[in-house]
Amino acid sequence: MPGMRRRRSQVTGQPTEPEASAAAPEPARAPPSAAVVVPRVERFVTGFVGRDGSLTTVRRNAAGQRVVRLQPAEWACFLRTDDLTVSVRAMLRETHYVVGIREEGRWTRVLWADPRVRLRCCARDGWFAKHGIATFEADVDPVRRWLTDHDHGIARPRRVFLDLEADSRIAVKAKEQARMLAWSIYDPAAPEGSRSRHEVLAEDSDVAEKNLITSLWQALDPYDQVCAWAGDWFDFPYLDARTARRGLRPERRLWLWLDHLTLYRRLNAHAAESGDEKQSLSLDAVARSLGLGGKLEGVDRAQSWDEWLRDPERLGRYCARDSELTSLIEDQTGYIELQQTLAESTFVFADSAGIGPKQQVESFMLRLGRERGTRFPTHHYRDEEEAEEEERFRGAYVMEPARGILRDVHVCDFARLYPSIILTWNMSPETWRPELSPPAPEKRPSYLAHLPPAESPRPEGVCEAPLTRRFFANEPAGLLPIAIAEMLRLRKAWDDRKKSAAPGTPEWVDADRRSSAYKIAGNSFYGVVGSQFSRFFVREVAEAVAQAGVWLLRETMAAVERWGENQGRKIAVAYADTDSAFVTGCSQQEFDEFVTWCNRELYPQLLRQQGCTRNHVNLAYEKAFRKIVFVGKKRYAGSFLHYKGKSATEDSKPEIKGLEYKRGDTLRLARELQRDVIYRLLGYRIPESERPEDFEAMVELAKRHVLGGSLPLHDVVFAKKLAKAVSQYARKRKADGEFAAQPAHVEVARILAERGEDVGKGRRIEYVVVDGEANPIKVVPASDFDGTYDAHYLWESAVWPPTQRVLEAAFPAQDWSRHDRVRPPRERPMTARQQAAAAQRKLFG
DNA sequence: GCTAAGGCATCACCC
DNA sequence: TAGGGTGATGCCTTAGCG
């Protein structure tokens, strides 16, 4: 029927009807951006519950003007219509707490006058629970409610980068007290020459500061999204504090506030090569690591007040350089654009709050649920205590690796293991059939306890998750699989578009970014289902996913063993972790054939036995190592033979995993020695060697270096992050009633805090060990370093052990222990008994 | 009174 | 406030010994 358009899912961009009729055929291969380009009612920049309690939505009209709309906020919950008895209906109608009841088919929407009453009535022990009535989505706030219930989209915000300078004389801790000295914004979309703007405090007065801040808010007005490096820690709260102090009351929620650093950290976590690169995430350090040059030379932010006195304009330029640098980092990484893609496809606003996967997954799933007529049970807040009581579920399998130097090790891994499992078994909270699971052994009658559980035939229409013996309905497709399939579909579509574009072109870059975004999103769904803080948390489902992975990996390992037996050769699995297996004893071509066989024969057969009607499991031959040394589980170093079929050259860097070289909390000297030894062993940049004496020489040299000279601070400093606020670390009491010593970095953080430094959560604490023999060890803040350090401790505890473990793994026959001790034996006064014994020996010889 | 072993907390990593 | 699995280190307590 020409002209008639079928309603499409706003979530998946696919027809909502399960089958496409002949009259309305499947639309021609939907463009990759289907979920994005489907016409929506409107696209919004942001939304919030305003000061007067109304839902405030923000968008731009065609002319680019900001349109702010107010409407009643819906504090809603859902009940099953079937649960509504006459008396419950009457109750709801009578109470003035409820302002509306709307029947929407299976579901009845209840609108509340007061969010607190809604929460109380729908609480775990609330009124509804007491009356045996389940509530749904009672925790969803009005903004999310509105985004879920309507087909609105997320707009592409007008973006600007911001940097602020504050009076340096006020400690960072009390930054709200410090006068604002300058601001700068950078608009990468503006014409060249007018991208950067800055303004400097005219004089040291409240009036001047008020003018400065007023002009900043005016400058921000054309924009929707404000990005700043570490903005959540400094710029945003600081701007709010100074704005309020100067008596200004702009509605800050008209903007999206995005902390560029938080985003960078999340998306760049896996990119760092060595521990060195994990040392600092300051704007300057990150810009330099990206080859963007540094900040303006000769200006010290810690001296901003003096700088302002001396040369205000210079301070302004310094400030401007920072906002520009932030923008350049985005040009280079595209992380903000990537998040924008995620935000648009999962229906979250593109601010700091939308960075986490939980927000994205929940938002997407809520809308998917609405489209499919499903509402989710009310999610109840859990505090940390409750969280700790929650039992953890069993996760992945990790094999103890073979030790020694291994050669020609072929590695296969499952493509997108957990997503493929969820799709294959149709795993989802609502497809799980708990009533089919065999009773747990302890729940069986005691007279049967000694017998293995009876193998009951699998019921029709379900598949069985291995190891956990949990059952999932094969049809209809679950919400979780639907969501993941959509992410995979979009990823594939953008991958295809990427392939058709010329590398490096804007189109290619955009496709690459979107492909990455959907990969990230697809992989995050599992984690959210496994998180007890999520509304979709079902431990049994998450465990079933992980254990199916264990089973697939074990079956693959067993197949390798059988293959070797059939061949009459020693083909063996040297190591395996979660979704990968490292195999020795075969050729590249043989391994390729093995992987193909697994995909073609092994998995289809195994999955049929489990009752699966789909198969998304796929094993890939990822890479091979010419030479590899395992130091332990999750810790190895190897040089490539090939990667995805592409042969390695002598320029190919070795792959190092888990070793101290990769860690940011180890001593620099330790990383360097370990790296040198690994490079020598693998023949990267220096001639390859397997003669222990060559390594003895390297160790001796390093030892002399550590024990010999006066090392500079950067060679002796330890750095560890505070995982929480200093006050949150438990201070134990010893048996004698005294406080027990805390980890060194926490003790140092306490000292720094007393000096007025800002030592919040996440801060890296640097310290030097001055006496490693004391108990507890004696440390000082790195800033107090005066050349004193405990060289023996450095060698024995920090530098040597990491390298020793590598050498012991590579050369188990060699005795490496002679390097263990370098500290001269302690002169100890003899005990009375020892003195007597010595005297006796002297007397009687 | 000393030492070694083991429990526990902590960090940072792998997948 | 996406998951579990892992190893290394340091602090403390305690068992074992003489």
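Here is how names work: the chains are called A, B, and so on, in the same order as the sequence lines, proteins then strands, and each is numbered from 1.
Atom CG in Asn775(A) sits about 11 Å away from atom P in dG10(C), given to the nearest Å. For Arg554(A) and dG5(C), the CZ to P distance is 12 Å, given to the nearest whole Å. Per the geometry, CD belonging to Glu738(A) stands 14 Å off C1' belonging to dC12(C), to the nearest Å. When rounded to the nearest whole Å, the span between CD of Glu540(A) and P of dG3(C) equals 16 Å. Here dA2(C) presents its P atom at 14 Å from CZ of Arg535(A), a figure rounded to the nearest Å. In this structure, Asp736(A) atom CG and dC11(C) atom P are separated by 15 Å, rounded to whole Å. The separation between Lys734(A) atom NZ and dG10(C) atom P is 17 Å, rounded to whole Å. The separation between Tyr381(A) atom OH and dT1(C) atom C1' is 9 Å, rounded to whole Å.
For Arg266(A), a side-chain nitrogen or oxygen approaches OP1 or OP2 of dA2(C) to under 4.0 Å. Within the structure, a side-chain polar atom (N or O) of Tyr793(A) is placed less than 4.0 Å from OP1 or OP2 of dG10(C).
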For a quick test of your reading: what N or O donor-acceptor pairs under 3.5 Å do the side chains of residues 722-736 of chain A make, sequence neighbours left out?
unit_1	atom_1	unit_2	atom_2	d
Tyr729(A)	OH	Ala723(A)	N	2.9
Arg733(A)	NH1	Gly737(A)	O	3.0
Asp736(A)	OD1	Glu738(A)	N	2.9

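In this structure, Ala740(A) reaches the sugar-phosphate backbone alone: every heavy-atom distance under 4.0 Å involves primed, P, OP1 or OP2 atoms, never a base. Backbone-only contact: Ile777(A) has heavy atoms under 4.0 Å from sugar-phosphate atoms and none from a base. Residue Phe393(A) is in sugar-phosphate contact alone, with no base atom involved, counting any heavy-atom pair closer than 4.0 Å across all strands shown. At a threshold of 4.0 angstrom between heavy atoms, the contacts of Pro776(A) are confined to the sugar-phosphate backbone, with no base atom among them. Within the nucleic acid shown, Ser534(A) has no heavy atom closer than 4.0 Å to any nucleic acid atom. Contact annotation for Ala546(A): no contact, since no heavy-atom pair falls under 4.0 Å across all strands.
A cation-pi geometry, defined here as NZ or CZ lying under 6.0 Å from the six-membered ring centre and within 45° of its normal, does not hold between Arg823(A) and Tyr793(A). At least one cation-pi condition fails for Arg675(A) and Tyr661(A): the charged atom is not both under 6.0 angstrom from the six-membered ring centre and inside a 45 degree cone around its axis.
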Sequence-aligned protein contact record of nucleotides 8-15 of chain B, with B where the base is within under 4.0 Å of a protein heavy atom and S where only the sugar-phosphate is: -SSBBSBS
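The 5' end of DNA chain C is approached more closely, in terms of each residue's nearest nucleotide, by Gly527(A) than by the other of Gly527(A) and Tyr397(A). Along DNA chain C, the nucleotide nearest Tyr526(A) and the nucleotide nearest Pro801(A) are compared for position; the residue whose nucleotide lies closer to the 5' end is Tyr526(A).
Salt-bridge formation is not detected for the pair Asp413(A)/Lys623(A): no Lys NZ or Arg NE/NH1/NH2 atom is positioned less than 4.0 Å from an Asp or Glu carboxylate oxygen. The existence of a salt bridge linking Glu137(A) and Arg145(A) is confirmed by a sub-4.0 Å separation between a basic side-chain nitrogen and an acidic carboxylate oxygen. A salt bridge links Arg671(A) and Asp276(A); the closest N-O separation between the charged side-chain nitrogens and carboxylate oxygens is under 4.0 Å.
The shortest side-chain heavy-atom distance between Glu540(A) and Trp432(A) falls under the 4.5 Å cut-off.
Considering only the side chain of Glu660(A), dA8(C) comes nearest among dA2(C), dT1(C), dA8(C). Comparing dG3(C), dA8(C), dC11(C) by their nearest atom to the side chain of Arg805(A) picks out dA8(C).
With both ends at atom P, the span from dT10(B) to dT1(C) equals 14 Å, rounded to whole Å.
A parallel orientation is assigned to the rings of Tyr767(A) and Phe718(A), their planes being inclined by less than 30° (bins at 30° and 60°).
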